[in-house]
Amino acid sequence: MKIITWNVNSIRLRSRLIYKILELENPEILCLQECKSPTENMPFDIFKPLGYKYSACWGQKSYNGVAFISKIPLDKIEKKDFLKCGEARHISIVARGLTIHNFYFPAGGDIPDSNLNKKFHFKLEYIKEVENYFNKKKPSRSILVGDLNIAPESDDVWDHKKLLNVVSHTPIEVNQLKNLQKTGDWVDVFRKHNPKGKYFSWWSYRSKDWKLSNKGRRLDHIWVSADIRNSTNCYILRSVRDWDKTSDHAPVVAELKI
DNA sequence: ATGGTCGCATGGCGA
C-alpha cells in the first residue's frame, strides 16, 4: 500500500498538481495539510476519473485544513479538536484495517520562547495533548502522517547549529516530538529507509534559488506503529518542489506491506 | 541585521 502526505498550501490552487501526483504515483491514499478551504469548496470531484472515489476532510476557511483523497473506502472518520482550539489540524480514518492520523501541527511563530510567544506555547501544548492522547490509546496498526513543523535530527536541517534557536529545530520542541514518538512507540519510516544524510521536505518561498541554496528542513513525516513496521520504502518527491506554482513543501511517499 | 515570497482575501495575518 502506497501512502503520500503533502502540505499542499491551498487545495484549490493546487488541484491540478494534486491530479498530476495521483497520476504519476498512483497511491492508495493521499493525505493533505493546509488545504485553506471550507469543506464545501474542496475540489474532490475532479480526482474521481482517476479512481479516487473517496475523500474525507476537516475544512476551515483561509487557514489550516486536512484531507484524505483515496481509492479505497474510508471508515470511522474522526476529527480531533486537540486543545479545543477549533482549528482544523487533525483527521483520522480507518482503511484496510489501518488507522491513519493526518496532522497539521502548529508552526509556532518566530520567537522560540513560550513566555514571549503564545504561538510557540500553543505548539508545545498541542504536541503534549497529542502525546496524552496516544498515551491513553496506544497506537496499533496505525500510521501518523503530516506536517509536524519540526525537523528533529541534525540531518533534517541544512545547518544544525544555525537552526538551534530557530522554531522547528529548537531542543525544547524536538524533545517534545521525541517524547510523543516514544510514547506511541512510533517508527519514523523515512529515517528507517534513509538513516543518514541531509533530506528535506520544505524549502522557503523566500529563497532566490531553493535548489542552489538548498536551505531546507524535513518537517513532513510518516510514522507507523511498531506492529506494522515492515515498510518497504519511503522517499521525498523533491522534484514536485520545482513544479510551476507549487507548494513550499514536497510530498513524502511511504510503501507499506499491508 | 534585514528582508526576502506566498495564499487568502482584498487589509493584514499566518507561514
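Just so we're on the same page: letters track the sequence lines, and every chain starts at 1. Please read all numbers here as calculations on a predicted model, not as lab measurements.
Distance noted for atom P between dG7(B) and dG3(B): 22 Å (whole Å). As rounded to the nearest Å, dA9(B) and dA15(B) have P atoms that lie 15 Å from one another. For the P atoms, the distance linking dT10(B) with dG14(B) amounts to 15 Å, nearest Å.
Between Asn41(A) atom CG and dA9(B) atom C1' there is a gap of 13 Å when expressed in whole angstrom units. Look at CD1 on Ile11(A): it is 21 Å from P on dC6(B), rounded to the nearest Å. The distance between atom CD of Gln33(A) and atom C1' of dG7(B), rounded to the nearest whole Å, is 16 Å. Straight-line distance from the CG atom of Asp244(A) to the C1' atom of dG7(B): 16 Å, rounded to whole Å. The distance from atom CH2 of Trp202(A) to atom P of dC6(B) is 13 Å, rounded to the nearest whole Å. Atom-to-atom, CG of Asp209(A) to P of dT5(B) comes out at 14 Å; the value is rounded to the nearest Å.
Scanning both residues, Asn233(A) and Val189(A), for their nearest heavy atoms gives O-CG1, 4.5 Å.
Shown here is Asp159(A), whose CG atom has more than 12 heavy atoms of other residues, nucleotides or ligands within 6.0 Å. Around the NZ atom of Lys162(A), the shell of radius 6.0 Å holds no more than 12 heavy atoms that belong to other residues, nucleotides or ligands.
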If you apply the rule ring-ring contact (aromatic ring centres under 6.0 Å, His included), what do you find for His221(A) with Phe190(A), and how did you get there? CA-CA 7 Å; His221(A) 301 269; Phe190(A) 184 83; 8.7 Å; no
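Residue pairs meeting the ring pair (Phe, Tyr, Trp, His ring centres under 6.0 Å) criterion with at least one member in residues 150-185 of chain A, sequence neighbours excluded: His160(A)-His169(A). Among pairs with a residue in residues 7-59 of chain A, none fulfils ring pair (Phe, Tyr, Trp, His ring centres under 6.0 Å), at least two apart in sequence or across chains.
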Report, as a single string ordered 5' to 3', how protein heavy atoms within less than 4.0 Å touch nucleotides 10-15 of chain B: B base, S sugar-phosphate only, - not at all. ----SB
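Side-chain N/O atoms of Ser204(A) include none lying less than 4.0 angstrom from OP1 or OP2 on dT5(B). For the OP1/OP2 pair of dG7(B) and a distance below 4.0 Å, the side-chain nitrogens and oxygens of Arg14(A) include at least one atom meeting the criterion.
Because its NZ or CZ atom is not both nearer than 6.0 Å to the ring centre of Trp203(A) and within 45° of the ring axis, Lys215(A) does not count as a cation-pi partner of that residue.
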